[in-house]
Amino acid sequence: MKFQIEDVTVYFPYDHIYPEQYSYMIELKRALDAKGHCLLEMPTGTGKTIALLSLITSYSLSKPQSPIKLIYCTRTVHEMEKTLAELKLLHNYQIKHLGPQARILAIGLSSRKNLCVNPTVLAAENRDSVDAGCRKLTASWVRAMAAENPNVPTCQFFENYEKAASAAVLPPGVYTLQDLRAFGKEKGWCPYFLARHMVQFANVVVYSYQYLLDPKVAGIISKEMQKESVVVFDEAHNIDNVCIEALSVSVRRQTLEGATRNLNRISQEIDRFKATDASRLRSEYNRLVEGLALRGNLPITDTWLSNPALPDDILKEAVPGNIRRAEHFLHVLRRLVQYLRGRLETDNVEKESPVGFVASISSHAGIDQKTLKFCYDRLHSLMLTLEITDTDEFLHIQTICDFATLIGTYARGFSIIIEPFDERMPHIPDPVLQLSCHDASLAIKPVFDRFQSVVITSGTLSPIDLYPRLLNFHPVVSRSFTMSLTRDCICPMVLTRGSDQLPVSTKFDMRSDPGVVRNYGKLLLEMVSVVPDGIVCFFVSYSYMDGIINTWNDSGILKEIMQHKLVFIETQDVVETTLALDNYRRACDCGRGAVFFSVARGKVAEGIDFDRHYGRLVIMFGVPFQYTLSKILLARLEYLRDTFQIKEGDFLTFDALRQAAQCVGRVIRSKADYGMMIFADKR
């Protein structure tokens, strides 16, 4: 259908539009007109994605003199593919009405692991090995060697892409990751580098949060994006946690042992170069003396991850004299690793501010703040000079340099916490030193400053007024929409007592009470005998779930449940969980019915849909508060109280509520769906 919103003709590919979609579009248009940021909440299952896409693309079509670019950020590859599929439908509809002038280029961008088409590289199991495998075939010095010696292996797809030079472009259209791979195979070009090249010309780009929020990745991928862009963070209820993870680093004993191995290998490489090609090291030294920026114009294949600090905080000056020579720099890193090893030999929990920590490094290891700041760039430069291709081997020393650069750069908003063991298993020594960021607004600030509109949207954003304070920005529009229902398709219930009138709760002092466990079991048993198809149960933590299932097993409740439905359990292993989910769906499809046990902060609670008959009932056993004795959480709460005046209780309740809403929101995925929700806790 076509309709007007003020001066914009909106092309909407379906025959009917929900009233909340229409009001959502009006608010979104207000934010775009004001060139400001907005916060919009609309329940799941009301077509949020298509409302966003159709309004923003139509808005762009109605202003051909100043077209805007849409950068759409999702959390998972699965969501990215869903968004691009919706966009394809919309694009075909717009072309049918407007003809060729409505053509756009829309692409999804993901890591090499999801886009590479070279079978030898894809054989590696994890992302880092795939990246290193690609580098071994495409780095500029490898290709230079291959030009002289035809036996050196290179990547055929990349060579063809380079040969095509400026002819290597994508014709307009909407490309999912699969389409990109197919196009690459057909033309013989590398889809990954083709997509990276086309990002700056595309009208719509869909990629993961990290590409904008993690400075290491954003520095190489998103720095060319135009200011006239609209950035959408979809499913953004956890955006503050993503921002914090982007600037946090943890160092364990394994990291330090790995870093020592890396340093020994680098030192051998330096000796080899001194013997065979000393001029390389000398020219690097001269380049550093002149203070040329290390992020010069490198070939696209050689760029490694960018600096972990945010772009405005990176120093624009020459590298300090004491780390210009490669061997001097190695001595500095060895002293740093030695110092950190000493700090991990502790029996008590220690908490320190970055300023105190840097002062302590300076007095014990003799490394000053400025030297720490340059560690990352200096390492990057050295790796290029030594022509190292297997970057996946060097992740440990890279972590140490990440850590050094961050503590050298930031004085507030961070804490350093050293824990000698995991509190849940106090008898196993596993010391860890964490640099944890408490201020979510640090990582997202460059995004707010740079782009004209940032849209933060999700199905569960309430209480909505806490987000502007957590992320430290002023939205021009902040609205929460409700779902208009034509019939009762949701039945929420709060259960405070069991069938024997005992109160139930997962409060720490009550959770292991046999009466509570027995009542939870009885509740599930009664439900299993009357609810058809699939039931999903969420517990507050893995350890609690294991404990309860064991007790049920011993008392025979589990056996009784199994007589009605099959039981599947989420574990911390991705492969096992995927298998369990597949079989759960098969059991629901064939009418046998099944129960799925899952955890409130696990993978399933975040991104898997239990729509239609896969989820007719969801039971939330308890309230999913964070582990409140965690040192990192306590430090963050203290920071939020002092800086943004957010009370501890408010934040913890807000966090537990958004997790619970996420869990129960898994059952209703459209208006035609129906389901029942039970919250089993007296709180």
Side-chain angles (χ1 to χ4, degrees), residues 73-83 108-116 121-133 176-178 181 206-211 213-214 217 234-235 237-239 241-242 244-246 248 250 252 254-255 392 395 399 422 424-425 430 432 534-549 566-589 594-611 614-615 618 624 626-627 659 662-663 665-667 669:
C73 302
T74 62
R75 275 180 322 186
T76 57
V77 174
H78 172 67
E79 280 172 13
M80 183 160 136
E81 293 283 17
K82 273 202 309 207
T83 306
L109 181 63
S110 183
S111 64
R112 288 177 175 83
K113 191 173 181 345
N114 298 323
L115 280 175
C116 175
V121 176
L122 276 178
E125 58 277 7
N126 61 11
R127 199 183 72 213
D128 296 314
S129 331
V130 172
D131 288 354
T176 61
L177 298 182
Q178 205 169 349
R181 285 197 298 267
V206 184
Y207 55 30
S208 130
Y209 281 19
Q210 268 66 26
Y211 285 35
L213 294 178
D214 186 339
V217 192
D234 191 18
E235 296 294 320
H237 45 270
N238 275 348
I239 191 160
N241 296 338
V242 179
I244 279 175
E245 279 157 28
S248 300
S250 60
R252 296 176 180 275
Q254 297 88 310
T255 322
D392 54 337
L395 292 176
T399 306
D422 188 349
R424 288 158 229 181
M425 294 177 282
D430 174 27
V432 56
I535 295 183
V536 193
C537 305
F538 287 104
F539 294 89
V540 288
S541 68
Y542 282 110
S543 51
Y544 186 56
M545 176 168 80
D546 293 346
I548 268 202
I549 292 173
L566 301 176
V567 171
F568 297 97
I569 302 174
E570 173 188 8
T571 61
Q572 279 160 320
D573 179 26
V574 180
V575 182
E576 277 183 25
T577 305
T578 314
L579 209 63
L581 269 169
D582 269 0
N583 288 325
Y584 168 79
R585 295 215 154 121
R586 279 176 40 206
C588 291
D589 287 341
V595 185
F596 193 79
F597 289 153
S598 169
V599 171
R601 290 172 191 277
K603 280 276 166 284
V604 176
E606 275 299 311
I608 310 286
D609 296 345
F610 295 101
D611 48 346
Y614 298 131
V618 63
Q626 283 195 50
Y627 178 57
Q659 284 305 333
Q662 239 340 270
C663 294
R666 296 287 117 213
V667 255
R669 302 311 287 176

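All heavy atoms count here, side chains included; hydrogens, waters and symmetry mates do not.
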Original post:
Where the side chain of T578 meets the backbone of V574, is there a donor-acceptor pair that is under 3.5 Å apart?
Top reply: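 At least one qualifying donor-acceptor pair exists.
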
Side-chain heavy-atom pair [X], [Y] within 4.5 angstrom cut-off:
X    : Y    : result
V599 : F538 : no
V595 : L566 : no
L177 : M80  : yes
V206 : L109 : no

**OP:** Identify whether the distance between the nearest side-chain nitrogen and carboxylate oxygen of D609 and K82 falls below 4.0 Å.
**Re:**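 Between K82 and D609 there is a salt bridge, with a charged N closer than 4.0 Å to a carboxylate O.
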
When rounded to the nearest 0.5 angstrom, what is the spacing between [atom1] in [X] and [atom2] in [Y]?
X    : Y    : atom1 : atom2 : answer
E235 : T74  : CD    : OG1   : 9.5 Å
Y209 : D234 : OH    : CG    : 6.5 Å
Q659 : R601 : CD    : CZ    : 4.0 Å
N126 : D131 : CG    : CG    : 9.0 Å
E245 : L213 : CD    : CG    : 11.0 Å
N114 : R127 : CG    : CZ    : 9.5 Å

Original post:
What residues form a side-chain contact (heavy atoms from CB on, under 4.5 Å) with T571, not counting sequence neighbours?
Top reply: D573, E576, T577

**OP:** For residues F539 and F597, establish whether the separation of their ring centroids is below 6.0 Å.
**Re:** yes

Original post:
Can the ring centres of F610 and Y584 be said to be less than 6.0 Å apart?
Top reply: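 Between Y584 and F610, which both carry aromatic rings, the centre distance is below 6.0 Å.
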
Heavy atoms only: give me the nearest [X]-[Y] pair and the separation to one decimal.
X    : Y    : value
A587 : A594 : CB-CB, 3.9 Å
K113 : L122 : O-CD2, 3.7 Å
V77  : S110 : CG2-OG, 4.2 Å
F596 : A580 : CE1-CB, 4.1 Å
D128 : D392 : O-CB, 3.6 Å

**OP:** Begin with the C-alpha distance, continue with both residues' side-chain angles, and end with the deciding distance and a verdict on side-chain contact (heavy atoms from CB on, under 4.5 Å) for R112 and V121.
**Re:** CA-CA 9 Å; R112 288 177 175 83; V121 176; over 6 Å; no

**OP:** Using ring pair (Phe, Tyr, Trp, His ring centres under 6.0 Å) as the criterion, list what pairs up with Y614, not counting sequence neighbours.
**Re:**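 Testing Y614 for ring pair (Phe, Tyr, Trp, His ring centres under 6.0 Å), a comparison that skips the adjacent residues, returns none.
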
Subject >> Partner set under ring pair (Phe, Tyr, Trp, His ring centres under 6.0 Å) for Y211, not counting sequence neighbours >> reply: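 For Y211, the residues satisfying ring pair (Phe, Tyr, Trp, His ring centres under 6.0 Å) (neighbours in sequence not counted) are Y207.
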
Subject >> Test item: side-chain donor near acceptor, S598 and E570, under 3.5 Å >> reply: yes

Original post:
For residues S208 and Q210, is any side-chain donor paired with an opposing acceptor at under 3.5 Å?
Top reply: yes

